**Q** 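Questions regarding the structure given below will be posed in turn.
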Amino acid sequence: MTATPVRRTQEERRATTRAKLLDAAAACLLERGYAATTVGEVQERAGVARGTLLHHFPTKVDLMVAATGHVTAQRIEGFRKAAAAIPEGDDRLDAVIDLAWQDLNGPVFFTALELWVAARTDADLRAAVAALEEELFRSMRESYAEVLGDSFGDATYPIEFTIDLLTGLSITTMVSGQLGPRQRVLDRWKKSLRMLIEEQS
């Protein structure tokens with residue numbers, strides 16, 4: 001007996017198409033940079049009609065910002081899952097910093113960085129990115145605080161420092177891809193962060 005295929009709803013088809021477009025845009029942005037990423041190339045990568053793309057995202061700015069938001073949501077979810085998998089016996093604070101470093105030194109961060117650089121001279125893009133950046137860092141702060149838990153007291157201020165420090169370190173290693181001597185900065189920050197949190201406990 002042949003099973004009757006399950007027909008997807010219009011909303012499900014729309015969500016699938018949107019995700020395909022966003023994945024293609026994010027990949028193109030990472031590989032080619034903002035200036036070289038065109039609506040036409042994203043359309044070709046996604047395998048959809050131009051009208052379909054424009055129906056979802058009328059402008060390039062809309063597409064690029066949505067793509068970064070899309071991968072950012074995946075990034076936050078991935079961080080939470082990885083943090084939840086940290087063994088109970090491990091040093092949780094060090095493990096969270098290591099996870100944060102992986103996050104801020106990975107493909108999604110560099111995709112976002114492409115937008116930040118382009119936004120400096122593009123007013124429309126800058127307005128859109130500013131809102132996205134606020135949401136991103138709010139989610140990051142909440143995720144880190146949630147993972148660290150009450151045992152580390154009010155870690156808001158140290159978490160802000162951690163995000164800023166690791167963001168800067170990531171930018172300085174963008175070309176080489178290696179921390180090199182800066183590894184000592186990361187190691188020392190782990191010790192300093194513990195002291196800051198203990199002072200507030």
Side-chain angles (χ1 to χ4, degrees), residues 8-85 96 98-147 159 162-164 166-167 170-171 173-174 177:
R8 295 184 302 165
T9 65
Q10 183 176 358
E11 186 59 34
E12 288 172 333
R13 291 195 298 273
R14 174 182 166 80
T16 298
T17 300
R18 180 182 173 86
K20 187 185 298 184
L21 286 166
L22 294 179
D23 286 338
C28 193
L29 187 60
L30 178 63
E31 294 170 19
R32 297 178 57 81
Y34 183 82
T37 294
T38 65
V39 170
E41 182 168 353
V42 173
Q43 170 203 337
E44 185 176 336
R45 286 191 184 214
V48 302
R50 188 175 184 84
T52 299
L53 186 153
L54 295 177
H55 172 72
H56 287 271
F57 306 104
T59 70
K60 178 181 176 179
V61 169
D62 292 333
L63 177 61
M64 294 294 97
V65 172
T68 301
H70 174 66
V71 292
T72 294
Q74 295 176 334
R75 165 182 166 187
I76 294 295
E77 181 63 21
F79 173 84
R80 285 177 169 161
K81 286 183 178 178
V96 167
D98 288 338
L99 283 179
W101 170 246
Q102 291 172 25
D103 175 54
L104 289 166
N105 194 48
V108 178
F109 172 80
F110 294 120
T111 298
L113 190 59
E114 285 290 334
L115 278 185
W116 292 347
V117 173
R120 188 180 69 83
T121 55
D122 185 322
D124 291 338
L125 181 61
R126 185 164 60 249
V129 168
L132 176 66
E133 181 179 317
E134 182 178 349
E135 171 63 20
L136 166 62
F137 285 108
R138 183 191 62 77
S139 295
M140 288 173 64
R141 288 191 295 270
E142 289 178 355
S143 296
Y144 296 169
E146 179 183 317
V147 169
I159 285 173
T162 299
I163 293 173
D164 289 345
L166 297 186
T167 297
S170 187
I171 292 173
T173 63
M174 188 165 52

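If you're wondering where the values come from, they're calculated on a predicted model, not measured in any experiment.
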**Q** To the nearest 0.5 Å, what is the distance between CG (Leu53) and CZ (Arg18)?
**A**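 Between atom CG of Leu53 and atom CZ of Arg18 there are 11.0 Å.
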**Q** In Å and rounded to the nearest 0.5 Å, what is the CZ to OG1 distance from Arg14 to Thr52?
**A**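 Output value for this atom pair is 11.0 Å.
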**Q** Using 0.5 Å steps for rounding, measure from the CZ atom of Phe110 to the CD1 atom of Ile171.
**A**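 Here the rounded value is 8.5 Å.
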**Q** Is any side-chain heavy atom of Val65 closer than 4.5 Å to a side-chain heavy atom of Phe57?
**A**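 Answer no - side chains too far apart.
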**Q** What heavy-atom pair brings Tyr34 and Met64 nearest, and what distance separates the two atoms?
**A**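 Distance-wise, the nearest heavy atoms are CE1-CG, 3.5 Å.
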**Q** Rounded at 0.5 Å granularity, tell me how far CD in Gln74 sits from CG in Asp23.
**A**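 Separation between the atoms: 6.0 Å.
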**Q** When rounded to the nearest 0.5 angstrom, what is the spacing between CG in Asp103 and CG in Leu99?
**A**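 Reported value, rounded in 0.5 Å steps: 8.5 Å.
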**Q** Within a strict 4.5 Å, meaning less than it, do heavy atoms of the His56 and Lys20 side chains meet?
**A**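 Heavy-atom side-chain distance check fails, nothing below 4.5 Å.
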**Q** If you compare all heavy atoms of Thr37 against all heavy atoms of Lys60, which two are closest, and at what distance to 0.1 Å?
**A**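 Minimum heavy-atom separation between Thr37 and Lys60: O-NZ, 2.7 Å.
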**Q** Taking Thr38's backbone N and O only, do any of them form a donor-acceptor pair with Glu41's side chain (distance below 3.5 Å, no angle check)?
**A**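 Pair absent, no side-chain N/O of Glu41 close to backbone of Thr38.
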**Q** Side chains of Val129 and Asp122, heavy atoms from C-beta outward: is any pair under 4.5 Å?
**A**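 The answer is no, as the side chains (C-beta and beyond) never meet within the 4.5 Å cut-off.
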**Q** Heavy-atom distance under 4.5 Å between the side chains of Leu166 and Asn105, does that happen here?
**A**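 Result no, sub-4.5 Å side-chain heavy-atom pair not found.
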**Q** For Val42 and Ala24, which heavy atoms make the closest approach, and how far apart are they?
**A**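 Between these two residues, the closest heavy atoms are O-CB, 3.9 Å.
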**Q** Which atom names give the shortest non-hydrogen contact between Ser170 and Leu104, and what distance separates them?
**A**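 Taking Ser170 first and Leu104 second, the nearest heavy atoms are OG-O, 2.5 Å.
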**Q** How long is the gap from OG1 on Thr111 to CD on Glu31, to the nearest 0.5 Å?
**A**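 It comes to 9.5 Å.
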**Q** Measure the shortest side-chain to side-chain distance between Val71 and Leu30 over non-hydrogen atoms and say whether it is less than 4.5 angstrom.
**A**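 No; the side chains remain at least 4.5 Å from each other.
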**Q** Can you confirm whether more than 12 heavy atoms, excluding those of Glu44, are under 6.0 Å from its CD atom?
**A**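 For Glu44, atom CD is not crowded (no more than 12 foreign heavy atoms under 6.0 Å).
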**Q** Which heavy atom in Glu114 sits nearest to a heavy atom in Gly33, and how many Å separate them?
**A**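 Heavy-atom minimum between the residues: OE1-CA, 3.3 Å.
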**Q** If I compare all heavy atoms of Ala67 with all of Leu22, which pair ends up nearest, and what's the gap?
**A**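 Shortest heavy-atom separation between Ala67 and Leu22 comes out as N-CD2, 3.5 Å.
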**Q** Side chains of Leu63 and Gln43: closer than 4.5 Å at any heavy-atom pair?
**A**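 No; the side chains remain at least 4.5 Å from each other.
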**Q** Counting C-beta onward and ignoring hydrogens, is there a side-chain heavy-atom pair between Asp98 and Trp101 closer than 4.5 Å?
**A**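 They are not in contact (no side-chain heavy atoms under 4.5 Å apart), so the answer is no.
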